[in-house]
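In what follows, a single structure is set out as structure tokens and then discussed.
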Amino acid sequence: MYRCPLCQQSLTQHHNSFACAQGHSFDLAKEGYLHLLPVQQKNSKVPGDSALMMQCRRDFLNAGYYQLLSDAVNHTFASVLAQQAVLLDLGCGEGYYSNRLMQALADNEATLYGVDIAKTAIKKAAKAYPAIHFCVASAWHLPFADQSFDAALKLCAPCEPEELARVLKADGALLTVTPAPEHLVEIKQQVYSSVRLHSDAIEAIPGFVHQQRQELKQQLTDVPADMVLNLLEMTPLAWKFKPEQKQQFAQSSPQISLNFYLDLYRKNH
């Protein structure tokens with residue numbers, strides 16, 4: 001399943017380590033994940049989301065505010081996957097969506113792999129959800145063999161389309177989640193005099209054919225101030241706020257719009 005990130009040969013497991021024919025070896029961490037991100041594939045000293053962003057996102061997601069999105073993802077995969085499907089969650093973070101997807105597909109006997117470039121996120125995910133295979137790796141250099149997966153989830157995560165096409169089986173499904181026009185518009189209004197809405201265009205992904213789109217809309221109301229702050233820290237907009245401005249907005253009991261597109265693609269034969 002795994003391939004060496006250094007020479008692209010197959011990795012074979014021996015007890016708690018994985019090695020290729022060239023002698024490159026990778027040990028399972030005590031939490032159960034694999035670290036398959038060589039230094040030359042890092043874009044910074046500590047790549048991925050910061051510890052603060054990760055903690056805020058985990059608290060916010062675990063409180064259930066994005067459960068509507070998670071349920072829609074689960075329902076989509078349940079409707080298109082055959083038994084014993086093998087799935088990839090790209091940019092899985094701390095594993096919130098991965099775990100709920102595994103639970104939803106329990107009758108399918110699915111196998112799930114989660115990949116993220118942030119080691120701290122993967123460490124937490126592997127510790128919390130031992131039934132899922134997690135690894136630290138780059139989405140531009142996926143450490144998996146060709147045609148390994150029946151489906152992939154790309155939830156607001158950047159990646160290399162050619163790599164995605166390579167690791168998906170023929171006719172493999174790809175579900176992307178992107179912000180729709182009204183998503184978090186109230187937060188944008190706090191920092192921009194003229195708000196640019198997210199695009200409603202359907203992305204053309206090389207190697208894939210678009211099949212269907214679903215739009216989700218929900219209004220969050222009566223969100224506690226600490227959860228509003230968590231939501232702010234989850235977004236790239238957080239650094240545009242002054243600290244006192246964040247507090248004022250959080251205390252104002254704002255109504256917040258959630259708006260997502262779920263787009264289902266199939267790999268071209």
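Because the structure is predicted, anything quoted here is derived from the model rather than measured.
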Could you check if a side-chain atom of Gln22 sits within less than 4.5 angstrom of a side-chain atom of Leu6, using non-hydrogen atoms only? no
What are the two closest heavy atoms between Leu142 and Arg166, and how far apart are they? O-NH2, 2.9 Å
Salt bridge (charged side-chain N to carboxylate O under 4.0 Å, His left out) partners for Lys188, two or more places apart: none
Give a yes or no answer on whether the side chain of Asn259 reaches the backbone of Leu216 with a donor-acceptor pair at less than 3.5 Å. yes
OG1 on Thr176 to CD1 on Ile205, rounded to 0.5 Å: 5.5 Å
List the atom of Lys154, the atom of Cys159, and the distance in Å for their closest heavy-atom pair. CD-SG, 3.3 Å
Shortest non-hydrogen contact from Pro254 to Ala250? CD-O, 4.1 Å
I want to check something: taking the side chain as every heavy atom from C-beta on, are Lys246 and Glu233 in contact at a cut-off of under 4.5 Å? yes
Shared hydrophobic cluster for Leu231 and Met54 (ILVMFWY, side-chain gaps under 4.5 Å): no
Quick one: does Gln13's side chain get under 4.5 Å of Leu28's, heavy atoms only? yes
Are Trp140 and Val136 linked, directly or through intermediate hydrophobic residues, by side-chain heavy-atom contacts shorter than 4.5 Å (ILVMFWY only)? no
Whether Asp89 side chain and Gly114 backbone form a donor-acceptor pair below 3.5 Å: no
Pair Leu153-Phe77, side-chain contact (heavy atoms from CB on, under 4.5 Å): steps then yes or no: CA-CA 9 Å; Leu153 170 62; Phe77 277 123; 3.9 Å; yes
Exam field: side chain Gln190 to backbone Phe241, donor-acceptor pair closer than 3.5 Å: no
Do Leu174 and Arg266 have side chains that approach each other closer than 4.5 Å (heavy atoms only, starting at C-beta)? no
Which heavy-atom pair separates Pro158 from Ala139 by the least distance, and what is that distance? O-CB, 3.6 Å
Please name all residues satisfying salt bridge (charged side-chain N to carboxylate O under 4.0 Å, His left out) with Glu182, sequence neighbours left out, ordered by chain then number. none
Please tell me if the side chains of Ser257 and Gln219 come closer than 4.5 Å, counting only heavy atoms from C-beta onward. yes
If you round to the nearest 0.5 Å, how far is CG of Leu88 from CG of Leu112? 8.0 Å
List the residues meeting side chain to side chain contact (heavy atoms under 4.5 Å, CB included) with Glu109, not counting sequence neighbours, and say none if there are none. Gln83, Gln84
Main chain of Glu31, side chain of Lys127: is a donor-acceptor contact present, judged purely on distance under 3.5 Å? no
Between Arg58 (side chain) and Lys124 (backbone), is there a donor-acceptor pair under 3.5 Å? no
Taking it one step at a time, do Leu90 and Val115 satisfy side-chain contact (heavy atoms from CB on, under 4.5 Å)? CA-CA 5 Å; Leu90 276 163; Val115 62; 3.9 Å; yes
Plane angle bin for Tyr113 and Phe144 - parallel if under 30°, tilted between 30 and 60°, otherwise perpendicular: perpendicular
Could you tell me whether the side chain of Lys267 and the main chain of Leu168 form a donor-acceptor pair under 3.5 Å? yes
Check whether any side-chain N or O of His210 sits under 3.5 Å from a backbone N or O of Gln212 as a donor-acceptor pair, and report yes or no. yes
What's the shortest heavy-atom distance between Cys135 and Leu36, and which atoms? CB-CD1, 4.4 Å
Output the distance between atom OG (Ser10) and atom CE (Met1), rounded to the nearest 0.5 Å. 11.5 Å
Centroid-centroid under 6.0 Å between Phe26 and Tyr2 rings: no
In Å and rounded to the nearest 0.5 Å, what is the NE2 to CG distance from His198 to Leu184? 6.5 Å
Please check if Met234 and Leu232 belong to a single hydrophobic cluster, counting links between Ile, Leu, Val, Met, Phe, Trp and Tyr side chain heavy atoms closer than 4.5 Å. yes
Is the number of heavy atoms from other residues, nucleotides or ligands under 6.0 Å of Lys169 NZ greater than 12? yes
Does a side-chain heavy-atom distance below 4.5 Å link Leu164 with Phe208? yes
Check: Ala225 main-chain N/O paired with Gln251 side-chain donor or acceptor under 3.5 Å: no
Report whether Met53 and Met227 are members of the same hydrophobic cluster (ILVMFWY, side-chain heavy atoms less than 4.5 Å apart, transitive linking). no
Reported NZ-to-NE2 distance for the pair Lys119 and His35, which is rounded to 0.5 angstrom: 5.5 Å
Under a 4.5 Å side-chain heavy-atom rule over Ile, Leu, Val, Met, Phe, Trp and Tyr, are Val73 and Tyr261 clustered together? no
Can you tell me how far apart NZ (Lys217) and CG (Leu68) are? Round to the nearest 0.5 Å. 13.0 Å
Counterpart residues, salt bridge (charged side-chain N to carboxylate O under 4.0 Å, His left out), relative to Arg213 (two or more places apart): Asp263
Could you check, using the six-membered ring where one of them is a Trp, whether Tyr96 and Tyr66 have ring centers closer than 6.0 angstrom? no
Taking salt bridge (charged side-chain N to carboxylate O under 4.0 Å, His left out) as the definition, give me every residue that meets it alongside Arg100, ordered by chain and number, with sequence neighbours left out. Asp71
Do Tyr65 and Leu258 have side-chain heavy atoms sitting under 4.5 Å apart? no
What residues, two or more places apart in sequence or in another chain, satisfy side chain to side chain contact (heavy atoms under 4.5 Å, CB included) together with Ala85? Leu81, Leu87, Asn108, Asp150
More than 12 non-hydrogen atoms from neighbouring residues, nucleotides or ligands closer than 6.0 Å to CG on Asp107, yes or no? no
Test your reading of the model: is there a side-chain donor-acceptor pair from Gln67 to the backbone of Gly64, 3.5 Å cut-off? no
Which atom names give the shortest non-hydrogen contact between Cys20 and Cys7, and what distance separates them? SG-SG, 3.6 Å
Using a 4.5 Å cut-off on heavy atoms from C-beta on, say whether the side chain of Leu264 contacts that of Leu262. no
Sub-3.5 Å donor-acceptor pair from the side chain of Glu160 to the main-chain atoms of Glu162, do we have one? yes
